[in-house]
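Comments concern the structure below.
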Amino acid sequence: MIGEFSNVQIQGMASAVPEYLEKNTNYISVLGPRRTKKQIHLTGVSKRHISGPQQRTSDLCYAAALPLMEKLGWKNSEIKILIYVSQNPNYKLPSTAFFLHDRLGLPKDCVCFDINLGCSSFNVGVHVVSALLQSCGISDKALLLIGDTAGKVLSPERTITPEMIANRMIFGAAGAAIALEKVEKNNLKFMTRSDGTGFEAIIHHFDKETTMNGAAVFEFAINDVSDDVKVFKDHFGIEEGEIDYYVFHQAQKLILDNISATCDLPEGKELRSLEEYGNTSGTSVPLTVCANRDKFTGMERVKLFLCGFGVGLSWGTIFTEIPTENILPVIETNEHYDDDKVPAGPLSGHNILIVGADQPLGEHISRYLSDKCANVILAGSEKQKLCQIQDDLFLKSHVAAGSPTDNSIFDAIERFYTENRIQLHGIVFADRDMKQDIIYKVSLMLQTKGCLHKQASIVLSSNIEKLYKQDKSTYYAQKAELEELLLQIQSDIGSEDVRVNAVLHDDTRLDLTQITGNKQYWIEKYLKENRPLEMKRPLFLGKAMLYLLSDDSQFTTGTIVSINK
């Protein structure tokens, strides 16, 4: 489809990216220096802005939309159309556009919906919005929001493979807002193409990784996309002198170099942003415009040839003028909106008390279980440390501060449960130096006070695994004492449904580098230190705790799990 709207103006653009900048050289420990250098050279991507675990595409689009509306002086009530184009919606339903409609405070007299599309989002989005504006009155306004967070901080539990990393090193995260208005006598030329025979060239099956046929995509880009650049210009009789700059989807350097050469583009007229931002899917066209705004200095309006292409397969072009004063510099933000989020991890809805949360192992377990959507109660003697951990956790948590040595820990826990009346689904004793009588007393006290859920799980942590190779007789003696304690607690609690288990570990083989809320610094350290196994061992300990605390272990009691890898 090729055509022209004579009454639509792109009034401005804004783009937002996460603050965190990930360098591709971080992955030398995975790919090796030679392959890493080659990857950066071929793709042209040396670093990327990537989102933390809680930042969504809608957050970036919102961050771009607000300053753009303010710059233009647009009132919320004037906006009649809101379209959100992304492959990363907030929910399966409704459309994320409705969520953004609410956050932006737009009027009821406004059409909004999502479009599921990737790399050609800009040209298709502009085409759709322009068509909708035809049913509006002069001066009616529209917001086109485009974004994707293909670049996100890695999960520490994810298995890192060279293939996964090579793919990851291309993609960044970004959101963009494009303001369109129905005006008289302003031309916007468009072309939109699709080729469903190539739908499998870039595909993401449910519960699978995204796969791409690189050779097919490369051939498509240098043939179909390049050919239609000439077709578009010939159709409208556009002379080279009428175009100030070209902006193509920032797929990767090799593809862009070949398109530029095939189309014989004049040197310096093709704008890029992929070295700093990588491939940001459909956002890459407006992001590249914003990233190069300094090149428009002295120009009141800039004539841009804008081309997106990719997943579908789909491609297209927009040619129009944009007021340069309304092209905003790239915004960096880590803000995220959380009020609508519903915890959906394996411990969602579970209240877990962690005794010794101010100790290194206790802190690790607290963070790990919170990440699995548990509501954690942090108990220990160092209140300031407990509050620091609490501040970094995403989900709701509580602090109960008291010392085991003077028994004030009992008073703190009892006071907390008297005031909050929260029923416990689990207790973790994470302090390696905690005496067995304290463990016993805390367990019985909570049962007596009615604080335990009828199928609660009590998990003891012990570091005696380090004795196995040093002194087997002492190891087996202490293990027998631990087994006896488990049986005693189980017996005195008087409920077969309450599980009592233990996890053994060797604390001399654990590198308890804490995984903070955004996870980014843990990943950096893990990669730079050549992925030491010691940094992974605490995760296996956390997984053992997770299983014993979950409903899946309701028939497991009196079990001792050894983490000895």
Side-chain angles (χ1 to χ4, degrees), residues 10 12-22 43-45 47-51 55-68 82-90 96-97 100 114-129 143-152 170-180 202 210 247-252 255-256 271-293 304 306-312 314-318 322 327-336:
I10 295 178
M13 290 182 182
S15 298
V17 298
E19 290 180 10
Y20 178 52
L21 192 65
E22 182 177 76
T43 63
V45 182
K47 49 196 171 184
R48 299 154 293 109
H49 292 256
I50 62 174
S51 294
Q55 189 178 51
R56 299 177 290 189
T57 303
S58 59
D59 294 315
L60 294 169
C61 289
Y62 178 79
L66 280 185
L68 180 60
L82 174 68
I83 306 299
Y84 175 74
V85 191
S86 177
Q87 295 171 128
N88 298 118
N90 288 7
T96 303
L100 288 163
D114 287 4
I115 298 175
N116 176 14
L117 196 60
C119 309
S120 59
S121 295
F122 175 78
N123 41 284
V124 172
V126 170
H127 184 175
V128 170
V129 171
L143 275 178
L144 170 63
L145 304 181
I146 302 170
D148 271 308
T149 47
K152 288 187 82 75
I170 300 173
F171 296 101
I178 298 95
L180 296 98
I202 308 171
T210 300
V247 179
F248 293 90
H249 163 55
Q250 303 292 285
Q252 57 171 290
I255 287 176
L256 292 177
L271 304 180
R272 297 190 185 184
S273 66
L274 77 167
E275 181 182 1
E276 166 88 10
Y277 302 104
N279 180 335
T280 55
S281 190
T283 324
S284 70
V285 169
L287 175 61
T288 301
V289 174
C290 293
N292 287 276
R293 66 189 295 272
L304 295 174
L306 307 165
C307 176
F309 58 89
V311 64
S314 58
W315 66 106
T317 299
I318 298 293
I322 303 176
I327 297 173
L328 275 59
V330 178
I331 300 157
E332 294 187 11
T333 176
N334 285 335
E335 293 298 314
H336 49 84

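Reckoned from all heavy atoms, side chains included, excluding hydrogens, waters and symmetry mates. In what follows, residues are counted from 1 in the order of the sequence shown. Worth saying up front: this structure is predicted, and the values here are computed from it rather than measured.
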Apply side-chain contact (heavy atoms from CB on, under 4.5 Å) to the pair L274 and T43, showing each step before the final yes or no. CA-CA 8 Å; L274 77 167; T43 63; 5.8 Å; no
Worked check of side-chain hydrogen bond (donor to acceptor under 3.5 Å, both in side chains) between D148 and T57: CA-CA 5 Å; D148 271 308; T57 303; 4.9 Å; no
Worked check of side-chain contact (heavy atoms from CB on, under 4.5 Å) between L143 and L100: CA-CA 11 Å; L143 275 178; L100 288 163; over 6 Å; no
Could you go through M13 and L328, starting from their C-alpha distance and side-chain angles, then the distance that decides it, and tell me whether this counts as side-chain contact (heavy atoms from CB on, under 4.5 Å)? CA-CA 6 Å; M13 290 182 182; L328 275 59; over 6 Å; no
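The line from CG of L271 to CZ of F248 is 10.5 Å long, rounded to the nearest 0.5 Å. Interatomic distance, Q250 CD to L256 CG, rounded to the nearest 0.5 Å: 5.0 Å. One finds the NE2 atom of H127 at 13.0 Å from the CG atom of L144 (value rounded to the nearest 0.5 Å). Atoms CD1 and NE2, from I255 and H249 in turn, are 7.5 Å apart once rounded to the nearest 0.5 Å. Taking OG from S121 and CD1 from I115, the interatomic distance works out to 8.0 Å, rounded to the nearest 0.5 Å. For the atom pair CG of L66 and OG1 of T333, the computed distance is 10.5 Å after rounding to the nearest 0.5 Å.
T96 and D114 get closest at one heavy-atom pair: N-OD2, 2.7 Å. The shortest heavy-atom contact between S86 and N88 is OG-N, 2.8 Å. Nearest heavy atoms, S314 versus L117: OG-CD1, 4.1 Å. Shown here for R56 and T149, the closest heavy-atom pair between the two residues is C-CG2, 4.1 Å. The nearest pair of heavy atoms linking I178 to F122 is CG1-CE1, 4.0 Å. Scanning all heavy atoms of the two residues, the minimum distance from L287 to V330 falls at CD1-CG2, 3.8 Å.
Side chain of N292 to backbone of R272: a donor-acceptor contact under 3.5 angstrom is found. S284 places no side-chain N or O within 3.5 Å of a backbone atom of T280 that could act as its donor or acceptor partner. When atom types are taken as modelled, the side chain of N279 and the backbone of I170 share no donor-acceptor pair closer than 3.5 angstrom. Using modelled atom types, no side-chain atom of K152 and backbone atom of A173 make a donor-acceptor pair closer than 3.5 Å.
Just one residue in the list L145, I146, T283 forms a side-chain contact (heavy atoms from CB on, under 4.5 Å) with C61, and that residue is L145.
Within a 6.0 Å sphere centred on CD of E276, other residues, nucleotides and ligands contribute more than 12 heavy atoms.
Considering only heavy atoms from C-beta on, T317 comes within 4.5 Å of C307 through its side chain. Q55 is listed as a side-chain neighbour of L60, based on a closest heavy-atom distance under 4.5 Å.
One finds no salt bridge joining E22 and K47 here, because no Lys/Arg side-chain nitrogen approaches an Asp/Glu carboxylate oxygen to under 4.0 Å.
Taking E335 as the reference, nothing meets the side-chain hydrogen bond (donor to acceptor under 3.5 Å, both in side chains) condition, with sequence neighbours excluded.
For residues 57-66, the pairs satisfying salt bridge (charged side-chain N to carboxylate O under 4.0 Å, His left out) are D59-R103, with sequence neighbours left out.
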